[in-house]
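Okay, structure first, notes after.
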Amino acid sequence: GGELRFEGVEFGYDPRRPILKGVGFTVPAGRTVAIVGPSGAGKSTIGRLLFRFYDVSGGRILIDGQDIRAVTQQSLRGAIGIVPQDTVLFNDTVYYNIAYGRPGATPAQVEQAARLAHIHNFIMALPDGYQTTVGERGLKLSGGEKQRVAIARTILKNPAILLFDEATSALDTHTEREIQANLREVSRGRTTLVIAHRLSTVIDADEILVMEAGTVIERGRHMELLSRG
Ligand code: ADP
Ligand code: ADP
């Protein structure tokens, strides 16, 4: 895994209206940093800048010390694996959905990724189920199971950097906990940036940044932030 660093990042969709006003943080190789804050704080914008949907207007974003503007779009996309909030799956097998877009992956690697995401028992299931001509119904994947497919697909890519962008925000509380446990498992030892609404969902990040209106207003570990109120 690589090191990810934001240095004094400034950005506005409209140049007259700054959105990020000097955001800096480092995710050391293999570590997890989380960004929390209210809606509108600028969290998703950070993800978009990392993918270079937009370029920074000030400061730099570095992966392993290299400015992301100096690498090709293709290698940048290859380096980052995202688990988004809403996963759209094809109504084809779980296996197909995991392997989609991963032409070099062997069946054993697909199986292994499915195992890591605890979805291997569903590998031949169809996400939206099926109904046979005699009316027999196949199972449907739940929201949590669909997120497991997304996790397996991302892990199969073996990216240098993982980005969880509100990856559990759409789930009910119980499922959210289960999927978070899995995200913790698969992110262990990988450079991971977690974007989340609530502090309670990122308790064991190595560092948590609290953002508000485009700036980092607090940073620390979970307990430190709680004790400061
Ligand atoms: P968060 O993810 O923390 O909710 P965002 O990064 O989505 O925050 O948004 C930060 C600010 O940028 C908000 O004021 C939002 O309205 C604005 N914004 C987000 N996307 C766009 C866009 N595509 N064009 C213009 N403004 C945007
Ligand atoms: P890969 O096949 O390499 O995993 P994907 O297309 O599945 O690529 O996922 C990466 C792509 O996801 C990005 O290139 C981007 O277009 C898209 N994407 C989805 N959600 C986000 C997000 N929140 N922030 C940035 N990119 C996103």
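Just follow the structure's listing: the first ligand is 1, and inside any ligand the first atom is 1.
The distance from atom CZ of R190 to atom CG of N158, rounded to the nearest 0.5 Å, is 5.0 Å. Distance check: Y13 OH to T45 OG1 gives 2.5 Å after rounding to the nearest 0.5 Å.
Ranking the protein heavy atoms by distance from atom 19 (C) of ligand 1 puts Y13 CE1, 3.5 Å first. Nearest protein heavy-atom contact of atom 5 (P) of ligand 1 is T45 OG1, 3.7 Å. Remark: minimum distance from atom 7 (O) of ligand 1 to any protein heavy atom is reached at S44 CB, 3.8 Å.
A 6.0 Å sphere centred on CZ of R69 holds more than 12 heavy atoms belonging to other residues, nucleotides or ligands. Applying the 6.0 Å contact sphere to CD of Q73 captures more than 12 heavy atoms from other residues, nucleotides or ligands.
Residue-ligand proximity: R48 is placed with a non-hydrogen atom under 4.0 Å from ligand 1. Put simply, no part of G37 is less than 4.0 Å from ligand 1, judged by heavy atoms. Heavy-atom separations between P38 and ligand 1 include at least one value shorter than 4.0 Å. In this structure, R17 is part of the shell of residues with a heavy atom less than 4.0 angstrom from ligand 1.
Close approach to A41 involves these atoms of ligand 1, each under 4.0 Å from a residue heavy atom: 1 (P), 3 (O), 8 (O).
Distances from atom 10 (C) of ligand 1 to the heavy atoms of G12, G40, P18 show the closest one on G40.
No hydrogens or angles considered: a donor-acceptor pair under 3.5 Å links the side chains of H197 and E166.
For atom 15 (C) of ligand 1, no protein heavy-atom neighbour is present inside the 4.0 Å cut-off.
Residue-level proximity to ligand 1 for E212 is absent, since no heavy atom of it falls below 4.0 angstrom.
The shortest N/O to N/O separation between I19 and ligand 1 does not fall below 3.5 Å.
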